[in-house]
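A quick write-up on the structure given underneath.
Positions are given from 1 along the sequence. Worth saying up front: this structure is predicted, and the values here are computed from it rather than measured. Every heavy atom of this structure was used, including side-chain atoms; hydrogens, water molecules and symmetry mates were not.
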Amino acid sequence: GPAGLSGIADLAALLDDDDPFREYFMRIGPGMLATDDARGYLSGSIDLVARDPGVGDADRYWVVDYKTNREPRGHYDPAAVLGLMEHGNYPLQAALYLVALQRFLRGRLDAAYDAETHLGGASYWFVRGMVGPATREVAGAREGVCTWRPTSAFIDAFDALLGGRR
């Protein structure tokens, strides 16, 4: 049957207490999303998978997605970008993309795959807020950029949910 999303709120407890999207995932319940069928969120494609070779002797991989959303006030500071993320249900999209990347890496790296080592996370780039070298940095984060690294336990459990194993 279709991969259901109705159990995803139960997985929020697997995210770190300070995860920026923990509350978002805790709120997801029947009727909150346009559909509880994961296929309704699989119409897009991952814009980029970036390889970071700087993690010991192993590569770490990141999902990167470009967004052209306009922030109504023209603000792209970290708080505004988190709002854009939640409004667009992009944390859910990012989680789906990370499951897809994990499945790919498992197939590619086989027994050598380790989520903590190889799965970096997701970085969403709101290009209207990125103005080249003049892009401001706020609290160590570039305006217009949201980078999220959920726990591997959350991604594993979401993968199981989508595969009907949870």
Side-chain angles (χ1 to χ4, degrees), residues 2-30 32-33 36-42 44-67 77-126 138-142 144-166:
L5 297 173
S6 58
I8 196 169
D10 297 337
L11 307 183
L14 298 172
L15 292 167
D16 290 333
D17 289 344
D18 63 349
D19 186 286
F21 300 118
R22 190 169 196 261
E23 296 289 325
Y24 166 85
F25 283 107
M26 288 175 72
R27 290 192 309 266
I28 292 180
M32 178 192 160
L33 301 169
D36 287 329
D37 180 349
R39 289 178 300 195
Y41 292 89
L42 297 175
S45 60
I46 296 171
D47 290 334
L48 173 71
V49 172
R51 178 176 56 93
D52 175 7
V55 184
D57 59 352
D59 294 335
R60 181 172 280 169
Y61 297 85
W62 293 82
V63 167
V64 178
D65 208 64
Y66 307 99
K67 298 295 180 191
D77 57 90
V81 168
L82 287 176
L84 287 171
M85 289 288 293
E86 290 193 14
H87 183 263
N89 283 316
Y90 298 141
L92 176 59
Q93 181 186 58
L96 288 164
Y97 286 172
L98 288 171
V99 167
L101 178 57
Q102 173 164 276
R103 289 179 180 183
F104 173 79
L105 291 173
R106 274 193 181 134
R108 187 83 183 254
L109 302 174
D110 200 30
Y113 176 73
D114 174 68
E116 290 297 321
T117 302
H118 298 107
L119 192 64
S123 190
Y124 275 59
W125 298 359
F126 291 86
V138 179
R142 289 266 181 207
V145 177
C146 177
T147 299
W148 180 49
R149 189 156 192 247
T151 63
S152 56
F154 174 81
I155 296 301
D156 285 341
F158 191 36
D159 190 356
L161 179 72
L162 293 172
R165 299 183 310 275
R166 186 175 178 94

| Step-by-step side chain to side chain contact (heavy atoms under 4.5 Å, CB included) determination, Asp47 to Val64 | CA-CA 6 Å; Asp47 290 334; Val64 178; 5.9 Å; no
| request: Please assess Tyr90 against Leu84 for the test side chain to side chain contact (heavy atoms under 4.5 Å, CB included), listing each intermediate value before the final yes or no. | output: CA-CA 8 Å; Tyr90 298 141; Leu84 287 171; 5.6 Å; no
| request: Starting from the C-alpha separation in whole Å, work towards a yes-or-no answer on side chain to side chain contact (heavy atoms under 4.5 Å, CB included) for Leu48 and Tyr66. | output: CA-CA 9 Å; Leu48 173 71; Tyr66 307 99; 3.7 Å; yes
| task | For side chain to side chain contact (heavy atoms under 4.5 Å, CB included), just list the numbers for His118 and Leu109, CA-CA rounded to whole Å, side-chain angles, deciding distance to a tenth of an Å, and then say yes or no. | result | CA-CA 10 Å; His118 298 107; Leu109 302 174; 3.8 Å; yes
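The OG1 atom of Thr147 sits 12.0 Å away from the CZ atom of Arg142 when rounded to the nearest 0.5 Å. Atom CD of Glu86 is separated from atom CG of Leu92 by 12.0 Å, given to the nearest 0.5 angstrom. Going from atom OH of Tyr113 over to atom CG of Leu119 covers 4.0 Å, rounded to the nearest 0.5 Å. With values rounded to the nearest 0.5 angstrom, Tyr24 atom OH is found 11.5 Å from His87 atom NE2. Between the CG atom of Asp10 and the CZ atom of Phe25 there is a distance of 13.0 Å, given to the nearest 0.5 Å. A distance of 9.0 Å separates CD in Gln93 from CD1 in Ile46, rounded to the nearest 0.5 Å.
What you find for Leu98 and Gly121 is that their closest heavy atoms are CD2-O, 3.3 Å. Taking each heavy atom of Ile8 and Ile28 in turn, the nearest pair found is CG2-CG2, 3.3 Å. Here the closest heavy-atom approach between residue Ala157 and residue Leu14 is recorded as CB-CD1, 3.4 Å. The two residues Val138 and Pro78 have their closest heavy-atom pair at CB-CD, 3.7 Å. When all heavy atoms are compared, the tightest approach of Phe21 to Cys146 is CZ-SG, 3.8 Å.
Sequence neighbours left out, not one pair with a member in residues 108-123 passes salt bridge (charged side-chain N to carboxylate O under 4.0 Å, His left out).
Under a 3.5 Å cut-off, the side chain of Asp16 and the backbone N or O of Asp18 do not form any donor-acceptor pair. Judged purely by atom type and a 3.5 angstrom limit, Arg60 has no side-chain atom pairing as donor or acceptor with the backbone of Ala50.
Remark: aromatic rings of Tyr61 and Phe104 are distant, center separation not under 6.0 Å.
Residues passing the side-chain contact (heavy atoms from CB on, under 4.5 Å) test with Arg22, sequence neighbours excluded: Ala13, Leu15, Asp17, Asp19, Met26. With sequence neighbours left out, the side-chain contact (heavy atoms from CB on, under 4.5 Å) criterion links Ala94 to Ala122, Tyr124, Trp148.
Side-chain contact check for Leu162 versus Leu96: some heavy-atom pair is nearer than 4.5 Å.
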